[in-house]
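Notes to accompany the following structure.
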Amino acid sequence: MKPSLLLLISCFALGITSCQYSTYYEICNVSSDLQKNTLGQYEYVDDACTVSYDFWRDGGEAGFVITNNSNQILYVDLSKSFFIRNGIAYDYSFERTISTSVASTSSSSSSQSGTAYGYWNTIGSYVPGAISATKVSSGGHTKSTTVSYKDKEVVAIPPYSSKFISEYLISPDVFYDCDYNITPKRKEAPTYSFDLRNSPIVFTNYITYHVGGNATQKVIDNQFYVDTITFLSKRSATSRVKVGCPQERSEKRIVNGASPVKFYIKYERSYSSHTSSSSK
């Protein structure tokens, strides 16, 4: 068989079968014994502080907003605070130094030009005018500044104000079992339910704090678990909406059903596509 013919057959075979990807979404609903606030967020409240949660994002936001309800400074001890997922504790405090660099460039330019014409006098001699000249100058300067700071073990929150403390995702990877339908068709929405004993994801924020000069530390132990998981195709899970000012509107794809007690995980699965070389 000639090499050219073999190449033609190979190209034809590649055109018949190709590997493509489809996008899906895993929607997780979170349950807890905590009460919900007016925004629908799970919330813990005591005399000193309020801790609220909004999980909605890809992978799930495990962090929290803590508000100081007192008239003294509230101190959150991150060295004794943890995110715990399925029994594994993850530190909120790290011995790390974070550096950021900012580069700035300045430049200047100037130009000068002048032209004057000469003339011929009555005896046939040329009398020159002012010298024609053009002068251009420019200059630039680049300055880079690096700022380094260390993580704080203790976060101070002024009276009647809040801080957002975040470090982890609830579940960065899609969770599924062999029996799950993780590649549903457009009109399908396979849903699986759990309780605290068999939930695939149980997580806790363990927060240690004290108020003012009082050395007595208190502990907040907020536990959550995923009670339902629904798998959806991209077309079922998302919609296109218009965003921006009327004169500059653009379309953006969003995940439907946004809720502070839910989160989603976007994932892809491959499949083989069979096409004919004669198809249009």
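In this text, all values refer to a predicted model and were calculated from it rather than measured experimentally.
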Carefully, step by step, assess Val219 and Tyr209 under the rule side-chain contact (heavy atoms from CB on, under 4.5 Å).
CA-CA 7 Å; Val219 171; Tyr209 76 94; over 6 Å; no

Are Thr183 and Asn181 close enough, and set up right, to give a side-chain contact (heavy atoms from CB on, under 4.5 Å), and what steps lead you there?
CA-CA 6 Å; Thr183 57; Asn181 177 12; 4.0 Å; yes

Passes side-chain hydrogen bond (donor to acceptor under 3.5 Å, both in side chains), Asp91 versus Ser93? Steps please.
CA-CA 5 Å; Asp91 294 331; Ser93 175; over 6 Å; no

What do the steps show when you test Val174 against Ile182 for side-chain contact (heavy atoms from CB on, under 4.5 Å), and what is the final call?
CA-CA 10 Å; Val174 63; Ile182 65 171; 5.9 Å; no

Given Asp77 and Gln217, is the side-chain hydrogen bond (donor to acceptor under 3.5 Å, both in side chains) satisfied, shown in steps?
CA-CA 9 Å; Asp77 190 344; Gln217 292 186 326; 3.2 Å; yes

Any chance you could lay out the side-chain hydrogen bond (donor to acceptor under 3.5 Å, both in side chains) test for Asp227 and Ser199, step after step, and finish with the verdict?
CA-CA 6 Å; Asp227 64 357; Ser199 175; over 6 Å; no

Between Glu61 and Ser166, does a side-chain hydrogen bond (donor to acceptor under 3.5 Å, both in side chains) hold up when you go through it step by step?
CA-CA 8 Å; Glu61 176 55 66; Ser166 175; 2.7 Å; yes

Kindly indicate, with the supporting measurements, whether the criterion side-chain contact (heavy atoms from CB on, under 4.5 Å) is fulfilled by Ile220 and Cys49.
CA-CA 10 Å; Ile220 299 170; Cys49 65; 3.7 Å; yes

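Side-chain contact between Thr50 and Tyr44: absent, with no pair of heavy atoms (C-beta onward) separated by less than 4.5 Å. At least one side-chain heavy atom of Ile229 sits under 4.5 Å from a side-chain heavy atom of Glu26. Between Glu43 and Leu34, every side-chain heavy-atom pair lies at or beyond the 4.5 Å cut-off. Val261 is not listed as a side-chain neighbour of Phe224, based on a closest heavy-atom distance of 4.5 Å or more. For the pair Thr23/Lys266, a side-chain contact is recorded, criterion being any heavy-atom separation below 4.5 Å from C-beta on. Thr204 is not listed as a side-chain neighbour of Asn222, based on a closest heavy-atom distance of 4.5 Å or more. Proximity of Ser79 to Glu153: side-chain heavy atoms (C-beta onward) are separated by under 4.5 Å at one or more points. Residues Leu232 and Tyr264 are not in side-chain contact: their nearest non-hydrogen atoms beyond the backbone lie 4.5 Å or more apart.
Enclosure of atom CG in Asn198 by more than 12 non-hydrogen atoms of other residues, nucleotides or ligands within 6.0 angstrom is indicated. For Arg197, the CZ atom is loosely surrounded, since the number of other residues' heavy atoms within 6.0 Å does not exceed 12. Around atom CG of Asp177, more than 12 heavy atoms belonging to other residues, nucleotides or ligands sit under 6.0 Å away. Atom NZ of Lys80 sits in a sparse spot, with 12 or fewer heavy atoms from other residues, nucleotides or ligands closer than 6.0 Å. Within a 6.0 Å radius of OH in Tyr206, other residues, nucleotides and ligands contribute 12 heavy atoms or fewer. At most 12 heavy atoms of other shown residues, nucleotides or ligands fall within 6.0 angstrom of atom CD in Glu248.
Two rings, from Tyr25 and Tyr267, have their centers 6.0 Å or more apart. Under the 6.0 Å cut-off for aromatic ring centres, Tyr176 and Phe231 do not qualify, their centroids lying 6.0 Å or more apart.
For Asn68 against Leu74, the heavy-atom pair with the smallest separation is ND2-N, 3.2 Å. What you find for Pro184 and Tyr24 is that their closest heavy atoms are O-CE2, 3.4 Å. Taking each heavy atom of Val211 and Ala48 in turn, the nearest pair found is CG2-CB, 3.7 Å. For Ser32 against Gln223, the heavy-atom pair with the smallest separation is OG-O, 3.0 Å. Nearest heavy atoms, Ser233 versus Arg186: OG-CA, 3.5 Å. Closest of all the heavy-atom pairs between Leu39 and Pro260 is O-CG, 3.7 Å.
One distance of note links CZ of Phe64 with CD of Gln41; it measures 14.0 Å at 0.5 Å rounding. If you take OG on Ser162 and CD1 on Ile157, they are separated by 7.5 Å, rounding to the nearest 0.5 Å. A distance of 10.0 Å separates CG of Asp58 from OG of Ser171, quoted to the nearest 0.5 Å. To the nearest 0.5 Å, atoms CD (Gln20) and CD (Glu268) are separated by 12.0 Å.
Transitive grouping of hydrophobic side chains (ILVMFWY, heavy atoms separated by less than 4.5 Å) brings Phe175 and Phe263 into a common cluster. Residues Val65 and Ile73 are members of separate hydrophobic clusters, defined by side-chain heavy-atom contacts under 4.5 angstrom among Ile, Leu, Val, Met, Phe, Trp and Tyr. Criterion: ILVMFWY side-chain heavy atoms under 4.5 Å apart, direct or through other members. Under it, Ile201 and Ile265 are part of a common hydrophobic cluster. Hydrophobic clustering (ILVMFWY, side-chain heavy atoms < 4.5 Å, transitive): Phe94 and Ile207 are in one cluster. The same ILVMFWY cluster, assembled from side-chain heavy atoms under 4.5 Å apart, contains both Tyr90 and Val76.
The aromatic rings of Phe55 and Tyr42 sit tilted, their planes meeting at an angle between 30° and 60°. Ring planes of Tyr75 and His210: parallel class, angle under 30° (limits at 30 and 60°). Relative orientation of the Phe83 and Tyr168 rings is parallel, given thresholds of 30° and 60° on the angle between their planes.
Judged by distance alone, the side chain of Arg240 and the main-chain N or O of Lys252 form no donor-acceptor pair under 3.5 Å. One N or O on the side chain of Asn205 and one on the backbone of Ala62 form a donor-acceptor pair closer than 3.5 Å. Side-chain atoms of Arg85 come within 3.5 Å of backbone atoms of Leu169 as a donor-acceptor pair (strictly under, hydrogens ignored). Between the side chain of Asn86 and the main chain of Phe203, no donor-acceptor pair closer than 3.5 Å is present. Judged by distance alone, the side chain of Lys163 and the main-chain N or O of Ala156 form a donor-acceptor pair under 3.5 Å.
Side-chain contact, Thr238 with Arg253: a donor N or O sits under 3.5 Å from an acceptor N or O. Of the N and O atoms on the side chains of Asn256 and Ser239, at least one donor lies less than 3.5 Å from an acceptor on the other residue.
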